[in-house]
Amino acid sequence: MATPDFISALRASAGRQLLWLPGVTALVFDDEGRVLLGRRTDTRKWSVVGGIPDPGEQPAACAVREVYEETAVRCVPERVVLVQALDPVTYENGDVCQYMDITFRCRAVGGEARVNDDESLDVGWFAVDALPELNEFALFRIKQAMPDAEIPTWFDTTGFASFA
């Protein structure tokens, strides 16, 4: 995955230390209830679409941009599915990041699913009962974003008692 220029600039002064960054995930469903997935070039595994907002970019706008950039599908965000602080990640080069993920359920409104950048090996629509192998991160978000589910926005309540 390409590192955004603003993160490269931060790394020039911050070194490899932990960076706390926003992250956005987009769960895009079509009119048939299928979910859009991409097979990543870095892991070669199927995953949900996501990315990092540019400075000043609204999270929902980032979701729309990332979906189009990676898959050529146009979408409209419908609701926030979840907000979650993820565990820190150490990349192969030693950089450490931790993301605050905001996941959106989106509806496809145009375009044909195809590889649209160098971040994906393949993209496609999948029935939720016939998904390829996915990690727990993706599976949990798909479950929370199901179009007919009336699941409220999810957030982790760990640590609330200490402020009560």
Side-chain angles (χ1 to χ4, degrees), residues 1-29 35-126 131-142 144-145 153-156 158:
M1 303 297 130
T3 302
D5 291 341
F6 80 95
I7 294 176
S8 296
L10 281 172
R11 285 283 177 216
S13 62
R16 305 240 180 265
Q17 71 179 309
L18 177 93
L19 291 182
W20 176 246
L21 299 169
V24 171
T25 302
L27 278 297
V28 183
F29 291 89
V35 65
L36 181 65
L37 300 174
R39 194 160 60 93
R40 299 169 53 114
T41 57
D42 60 347
T43 65
R44 307 189 73 74
K45 295 180 179 181
W46 287 98
S47 188
V48 294
V49 177
I52 299 171
D54 293 328
E57 183 179 31
Q58 293 296 324
C62 175
V64 170
R65 176 181 56 77
E66 288 288 342
V67 168
Y68 183 76
E69 284 178 358
E70 294 181 23
T71 70
V73 170
R74 302 256 182 224
C75 69
V76 174
E78 294 183 322
R79 74 174 177 94
V80 172
V81 171
L82 64 81
V83 177
Q84 182 181 29
L86 304 178
D87 291 333
V89 176
T90 302
Y91 292 98
E92 285 183 16
N93 66 359
D95 288 352
V96 182
C97 295
Q98 186 171 10
Y99 297 95
M100 173 64 72
D101 179 59
I102 302 169
T103 298
F104 291 90
R105 180 178 74 196
C106 302
R107 180 175 36 88
V109 295
E112 293 292 323
R114 63 177 170 83
V115 173
N116 205 36
D117 66 7
D118 61 355
E119 294 184 27
S120 300
L121 296 171
D122 196 6
V123 298
W125 294 102
F126 293 87
L131 296 170
E133 183 178 337
L134 294 169
N135 63 23
E136 188 57 37
F137 176 93
L139 291 171
F140 181 68
R141 280 157 175 73
I142 291 168
Q144 294 298 114
T153 301
W154 182 92
F155 51 92
D156 189 342
T158 304

For [X] and [Y], work out which heavy atoms get closest and say how close.
X    : Y    : answer
P88  : V96  : CB-CG1, 4.3 Å
P55  : F6   : CD-CD2, 3.5 Å
A26  : C106 : CB-SG, 4.2 Å
P59  : I102 : CG-CD1, 3.9 Å
A113 : V123 : C-CG2, 3.7 Å
F104 : A63  : CD1-CB, 4.0 Å

Is there a side-chain contact between [X] and [Y] (heavy atoms, below 4.5 Å)?
X    : Y    : result
T90  : R16  : no
R44  : L121 : yes
L131 : V35  : yes
V28  : V49  : no
D54  : D5   : no
R11  : D95  : yes
L37  : V48  : yes
L19  : L10  : yes

Atom CD of residue position Q58 - does it have more than 12 heavy atoms of other residues, nucleotides or ligands inside 6.0 Å? no
If you count the non-hydrogen atoms of other residues, nucleotides and ligands that lie under 6.0 Å from CZ in R74, is the total more than 12? no
Regarding R40 and S47, do their side chains bring together a donor and an acceptor under 3.5 Å, going by distance alone?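 Note: R40 and S47 side chains miss the donor-acceptor criterion.
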Could you tell me the separation between the [atom1] atom of [X] and the [atom2] atom of [Y], rounded to the nearest 0.5 Å?
X    : Y    : atom1 : atom2 : answer
L27  : R79  : CG    : CZ    : 9.5 Å
S120 : R114 : OG    : CZ    : 11.5 Å
Q84  : Q144 : CD    : CD    : 10.0 Å
E119 : E70  : CD    : CD    : 4.5 Å
W46  : N135 : CH2   : CG    : 14.0 Å
F137 : T103 : CZ    : OG1   : 5.5 Å

Show your working on side chain to side chain contact (heavy atoms under 4.5 Å, CB included) between T71 and L36 and close with a plain yes or no. CA-CA 9 Å; T71 70; L36 181 65; 3.5 Å; yes
Has Q98 got a side-chain atom pairing as donor or acceptor with L86's backbone, closer than 3.5 angstrom? yes
Report the C-alpha distance between Y68 and V73 in whole Å, list the side-chain angles of each, state the deciding distance to 0.1 Å, and finish with yes or no for side chain to side chain contact (heavy atoms under 4.5 Å, CB included). CA-CA 5 Å; Y68 183 76; V73 170; over 6 Å; no
